[in-house]
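Presented below is the structure to which this report refers.
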Amino acid sequence: MAKMKKQEEFEPKIVVFACNWCSYAGADTAGVSKIQYHHNVRLIRVMCSGRVNPAFVIKAFEQGADGVMVSGCHFGDCHYIFGNYQAKERFEMLKRLIHLLGLEKARLRLEWVSAAEGGRFAQVVNEFVEDVKKVGRSPLAPIKT
Amino acid sequence: MVVKEEVLKKTQAYYCIDCGKCTSVCPISRFNGGFSPRRILISSLTGRYEETLKDEKLYACLTCGLCGTRCPSDVKFEEFIKNSRFEGQKLGNLIPCAHGGAIQSLMRIMTSPSLEQKRLAWVPRGAQIAEKGEVAYFVGCLPYFDAFFTDLEVDSLRIAKSAIKILNRAEVEPVLLKNERCCGHDLLWAGDLENFKRLAQHNIDAIKESGAHTLITTCAECYRTFKIDYPAYMGPLPFKVLHIIEFLIDSISQGKLNFKKTRKKVTYQDPCRLGRHLGMYEQPRMVLSNIPALSLVEMERNQQNAICCGTSGWMNCDAISKRIQSYRLKSARQTGADLLITACPKCYIHFKCAMKDPKIGKELEIEIKDLTSIMADALGR
Amino acid sequence: MLDVGRHPNIELLTLCQPTKVEGEEGNFRVQYLKKARYVKEDVCTACGICAEKCPIKVSDDFELGLAKRKAIYIYFPQGVPPVYTIDPEHCTMILKGKCGLCARVCEAQAIDYNQNDEERTINVGAIVVATGFSQLKPTALKNYGYGQYANVLTGLEFERLLSATGPTGGHIIRPSDSKTPRKIVFIQCVGSRMAKGDGYPYCSVYCCTNSIKCALLAKTHDPDIKEISILYMDLRTYGKGFQELFLRAEEVEGVKFLRGRPARVEEDPLTRSLTIMVENTETNRIEPLAADIVVLSTAAIPSTGAKEVARILGIEVDSYGFFKERDFHNPTEATRPGVYIAGSCSSPRDITDSVAWGTATAVKALTHMEGARIAQKEIEVEPIDTSGEPRIGVFVCHCGINIAGVVDVEEVNQFAQTLPGVVYSARMLFACSDDSQREIQYKIKEYQLNRVVVASCTPRTHEPIFRETCGLAGLNPYLFEMANIRDQCSWVHASTPKEATEKAKDLVRMAVARCHLLQPLESRQMPMNPDMLVVGGGITGMQASVDLARLGHKVTLVEKEERLGGRVKELSTFYEENYDGQQLISEKVKQLESAGVNILTSTMVKEVNGFVGNFEVTLQSLQHQEKTSTLQVGSIAVAIGSDLFNPTGKFGYSSFPNVMTNMEMERLLKEDSPELTRNNKESKNIVFVQCVGSRNKKDGNPDCSRYCCSVAIKQALKLREKGAQVVILYRDIIAFGKGVEELYRKARGEGVIFLRYDEEHPPQVIGKGRATSIKWMFSPLNQEIELPVDLVVLSVGMVARKVDAEQIQEQLKIPRSLDGFFMERHSKLGPVETSTEGIYICGCAQSPKDITDSVAQASAAASKMAVMASKEFVELEPTTCVVREDLCRGCGNCQEVCQFHAPELVETPEGNYVSRINEALCKGCGTCASLCPTGAIVARHFTDRQIDKMVEAMLTGSL
């Protein structure tokens with residue numbers, strides 16, 4: 001008897017917080033250039049990566065996100081000068097918390113993507129999705145609040 | 001409405017004689033004229049309980065129990081608040097959380113059965129700990145606080161390291177639970193009974209599995225939660241619960257520990273959970289008195305009358321909390337002490353946070369240490 | 001484009017052609033022919049049914065013949081005004097009176113076959129000509145096989161293949177067999193830089209960078225495209241960030257750059273594949289290159305009919321047929337007063353420069369108008385009640401086939417109807433079209449919608465449009481939310497339509513979730529101070545000041561040196577003009593004085609407070625340190641210029657006295673120094689080294705410094721006149737401006753020797769005490785060459801000013817790019833604006849430029865400031881942060897983190913401190929809100945709750 005239906009591939013749910021000026025625009029550039037990438041990500045637009053309260057990220061994991069990415073402008077390119085440095089600082093704290101919780105570090109990512117870097121946006125998303133697929137479903141996935 | 005009656009009855013709210021003593025002593029009311037425990041009770045008794053449940057003020061109460069010490073009718077106000085918050089949770093209330101709700105979220109994450117935390121990386125080399133044994137040390141949320149409050153220069157893990165040092169010196173090799181969860185105190189007091197129970201069950205199971213018969217904590221809140229709330233909501237516990245203060249008293253009396261001279265003038269902040277909730281006023285002072293040359297000076301308001309650190313359960317942190325903290329820190333400084341001792345990591349964090357103030361921070365500054373840390377530091381040979 | 005279509009002060013006359021211009025500046029009477037459209041503009045809803053039914057198929061001009069359109073058509077989908085047009089050359093109803101189908105199907109009854117061309121007149125004060133350019137049809141250049149071989153395309157045709165809205169929907173295919181090409185070869189300079197034959201002698205400027213961009217897009221777009229080569233002579237990546245683009249193409253994406261100009265393209269008649277023989281002038285090998293597609297970067301040529309336009313307007317054209325500029329420092333003025341030229345109609349230009357030029361003409365045109373004010377749209381509408389439960393309307397856009405081609409739009413629409421709070425949901429062909437906008441307004445009123453979601457494209461371009469639409473219907477514009485199901489779904493998940501549809505549903509659910517929590521916000525008005533400050537008294541700052549003062553504005557010009565004129569005042573004569581830098585500056589100073597500019601030399605900006613419309617500037621005298629003064633202005637232009645790269649320690653500079661910078665050479669030329677002239681016996685040997693501190697990964701400016709090639713050529717020509725032997729060592733001769741390529745050719749003709757070196761093997765200057773020779777690896781001969789030298793001239797790059805720029809950045813809170821130059825708001829669309837409203841940048845402060853480009857940018861900045869000053873009030877964006885003081889602990893985190901000094905700790909009556917945010921200073925980034933421990937700071941329109949709710953909606957499906 002032939003093998004049963006192949007086990008359905010795990011499709012992670014990934015939240016991306018993208019700053020309006022660079023990363024969200026970079027995603028637009030990917031769009032305009034029709035650069036294809038994995039469909040697993042959902043973007044949430046914020047004005048600046050510095051706006052991303054660590055609580056947003058923790059709550060996303062709580063609600064079962066398999067991965068969370070924060071994406072802002074390259075250093076020196078922040079529309080608000082240093083918002084991305086703040087994002088970086090907060091991100092270091094998040095990394096420690098995620099580690100304590102025993103979640104794989106592959107689930108959390110910080111990236112700088114400029115408005116012009118549509119290709120890079122797609123590439124970063126693809127890498128992230130692949131990485132998250134490797135570590136599998138989040139252990140928190142079924143949690144309800 | 002059945003629920004309402006049950007809450008009012010259980011917490012003796014029906015006995016309220018509308019005298020206002022509670023409000024006159026309440027630290028929140030002192031700085032916020034709009035807050036009145038009495039009015040909350042009276043309006044609940046006169047058919048407006050639904051409104052009470054929806055009012056943000058329900059979450060402003062520190063549940064510090066100060067009103068309870070004065071109430072002539074013995075109304076259990078903090079119990080009333082807690083039970084009302086259970087009702088609020090059912091209504092889907094939005095709870096005013098500090099830090100964007102991140103800490104509550106971490107706690108809810110810990111209810112997940114499949115979680116495998118990596119929470120013991122901080123344990124110092126050479127520390128003697130076990131996976132199974134008679135005595136377990138409940139670390140609590142300290143590793144998380146350590147990661148979360150880096151900018152406040154709060155070394156939360158120092159408390160845990162100190163505890164291990166004391167236990168080892170007293171020839172106890174404590175069990176540290178690899179996958180211990182938050183005790184659930186904050187979720188319980190926010191009204192999230194369901195998730196509290198999940199956390200409690202995880203912990204009870206883990207402690208049972210470790211074979212421990214005694215559980216030691218260094219946190220006033222963990223202590224109250226294990227001591228009062230676990231039995232109340234989960235049934236009798238198959239292990240004994242001690243605050244490290246009690247362990248210290250035992251060990252000292254058995255001559256297992258001695259302390260070196262520490263020439264310091266200190267004052268002590270009674271945590272609400274330890275003091276008014278459990279009546280532990282004398283023991284911490286007794287423990288401190290074992291350090292030679294240490295002198296304890298009391299703040300004007302102490303023991304039963306002590307003022308709370310201003311925030312509880314990472315809720316209701318605001319301008320009023322800050323003013324309570326400022327008041328308390330100024331009292332501490334007025335004693336002339338070099339050091340403020342607390343026995344609850346949260347008092348420690350809240351006071352440190354209050355000092356972070358570019359305008360009046362200088363007027364509030366005083367060194368703070370947890371009681372566990374100062375005892376460990378003073379350990380003699 | 002939409003902005004132009006919607007602007008209250010702009011009347012669009014499309015399908016019109018001027019026929020006669022009478023009068024003079026300030027009072028022109030223009031006769032024009034309004035051509036028959038055969039469609040009533042005010043009636044047509046652009047529903048598209050006419051084009052669907054029209055039986056006549058015609059080659060589509062917009063798609064360059066790569067696709068078909070109908071005889072009734074819209075030139076391209078986003079065109080403004082969105083109105084159909086009948087092509088009278090193909091419509092059988094117009095030609096023979098047969099058909100009439102479109103009139104029968106048009107429900108709006110917009111078709112009118114009886115329209116005739118009409119003569120009309122209009123009175124205007126000034127005329128701006130922006131007729132652009134045409135592209136050379138390379139059919140005449142037979143050797144490249146265009147028009148003969150199916151797989152030889154022009155650059156623009158290739159752009160259409162790359163375009164998502166193009167004829168192939170963004171798929172790159174070989175025209176001969178519709179297969180994905182594996183190898184693509186770009187050939188540069190097709191018809192450009194040709195001194196004889198069927199091409200043009202000048203450089204077309206934009207094509208090098210454009211080919212790099214296309215190569216990058218193609219490469220990242222389709223992994224099957226394995227090899228892309230660009231065949232070039234000089235790689236003219238002259239603009240800000242262009243070098244970075246080139247490096248990315250070469251080093252990251254592996255695009256092959258081959259220096260060589262092929263003579264012909266051959267086709268294999270069986271496979272229709274192509275072969276190009278090219279000599280790689282770097283390896284000296286002749287390489288046959290195979291290609292599936294060859295892209296010809298064709299020349300930009302004067303637009304068809306430019307000469308006719310010139311005749312009608314009474315302006316002159318140059319020998320090619322581009323409009324003549326008055327002179328090099330009045331580049332936006334045509335030869336007839338009151339007529340201005342912008343963009344590529346006077347010389348080929350890229351988008352950035354065209355936008356700057358276009359903006360610059362505005363301030364010039366304004367000099368002929370009095371009291372121009374932006375018309376305020378006065379609309380009285382019944383406001384929609386927003387207090388009750390959310391009543392959400394969802395509009396799901398097809399974007400033609402852009403979305404609907406992948407995403408199941410109807411499924412998304414059905415899904416939206418199931419979401420709580422949604423009381424109306426519908427699909428739309430183009431949500432941004434005029435008729436859809438009216439439909440949205442109508443539905444808002446009909447259903448009393450108090451929240452609106454449009455699921456279409458990106459809010460970065462379209463949110464303002466939909467917000468305005470909501471406003472027109474009486475709905476507060478901040479109760480609007482977009483779901484980007486085009487850029488984030490259909491365009492990027494084209495091969496997985498099911499998943500793209502699911503994602504679109506998620507995005508709609510998230511948008512609806514956020515919508516529930518949106519609050520109406522009101523923008524506030526602050527008075528606008530019409531006075532202006534210009535910082536920096538070089539040619540750029542002077543030009544901006546003159547332009548503004550001529551409009552009657554009170555302008556203060558601050559210069560830290562004792563004299564105005566910056567670097568320009570030190571320049572020797574401009575080539576082919578008979579005056580020098582000092583004369584140019586003197587002329588400008590006269591203009592400044594007669595225009596009444598308040599000139600403050602030896603003065604620096606010490607402090608700037610306030611915000612757009614209301615800046616308070618503290619100035620400090622550099623001669624009397626204690627002397628400060630304050631100034632109130634509404635807008636500020638930063639024109640602090642750049643520094644020159646200091647080559648100390650490189651190429652023997654500072655060790656040998658006869659090694660100098662090009663600026664030092666300029667002084668010698670100005671003084672007519674005897675050092676430069678031939679002594680009795682021999683000619684002087686003078687060697688220039690180009691790209692010293694430019695296009696350099698380590699030192700100086702990472703980009704091209706734009707001015708140095710043409711300056712070296714100019715200096716070389718002058719030195720030749722004095723009898724010197726001149727050699728220019730270069731990497732690429734970037735002779736991109738108007739007339740520069742011609743000058744380059746002239747220099748070669750005069751015997752200036754140009755020799756290449758590459759970045760990895762820079763020349764070495766050899767000598768003892770004095771430089772005596774220079775040697776380097778010369779790749780065409782594959783050997784080291786050593787030349788004797790009497791003088792070495794280093795063409796140094798421009799670098800950002802260090803101390804000054806840091807101070808200005810600090811004082812004005814405007815960001816700088818990684819290269820240290822001030823960062824423009826948008827590299828293409830906002831070249832003179834900054835992230836801070838009311839503060840503009842121009843000239844070399846933004847990036848290196850020559851005089852022509854600097855003054856054009858100066859006028860562009862002046863235009864923006866004049867527009868600002870024409871407003872009575874500044875509208876303050878309400879999407880700022882606010883503090884709930886009852887929650888504030890006074891920790892100061894916000895004050896510490898804010899780069900714009902918006903939060904401030906203030907004392908309360910109770911004696912504690914709370915933060916208060918100055919909404920006029922707040923830029924709404926929300927970083928303070930994420931650092932606030934208690935949640936006291938509310939980032940309006942991006943609140944914690946709104947963001948949490950979106951996350952929740954995405955992950956748990958709950959609303």
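Since the model is a prediction, treat every value here as computed from it, not as a measurement. Below, chain A is the first sequence line, B the second, and so on; all start at residue 1.
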- Query: Do the charged groups of B/Lys359 and B/Asp357 touch, with an N to O distance under 4.0 Å?
  - Reply: no
- Message: Assess whether a salt bridge exists between C/Arg940 and C/Glu919, defined as any Lys/Arg side-chain N lying under 4.0 Å from an Asp/Glu carboxylate O.
- Response: yes
- Message: At a 4.5 Å cut-off on heavy atoms, which part of B/Ser326 comes close to chain C: side chain, backbone, both, or neither?
- Response: neither
- Under 4.5 Å, counting heavy-atom pairs only, tell me which of B/Pro96, B/Ala98, B/Cys317 racks up the most with chain C. B/Cys317
- Ranked by heavy-atom pairs below 4.5 Å to chain C, first place among B/Cys97, B/Cys353, B/Gly100, B/Ala102 goes to B/Cys353
- Message: Is the positively charged end of C/Arg514 above the ring of C/Phe942, judged by distance under 6.0 angstrom from the centroid and angle within 45° of the axis?
- Response: yes
Please classify the contact of [X] with chain B as side chain, backbone, both or neither, using a heavy-atom distance under 4.5 Å.
X	answer
C/Cys888	backbone
C/Glu910	both
C/Asp944	side chain

- Take atom CD of C/Glu810 as the centre, draw a 6.0 Å sphere, and report whether it contains more than 12 heavy atoms from other residues, nucleotides or ligands. no
- Task: Quick one: sort the B/Trp314 and B/Phe145 rings into parallel, tilted or perpendicular, breaks at 30° and 60°.
- Result: perpendicular
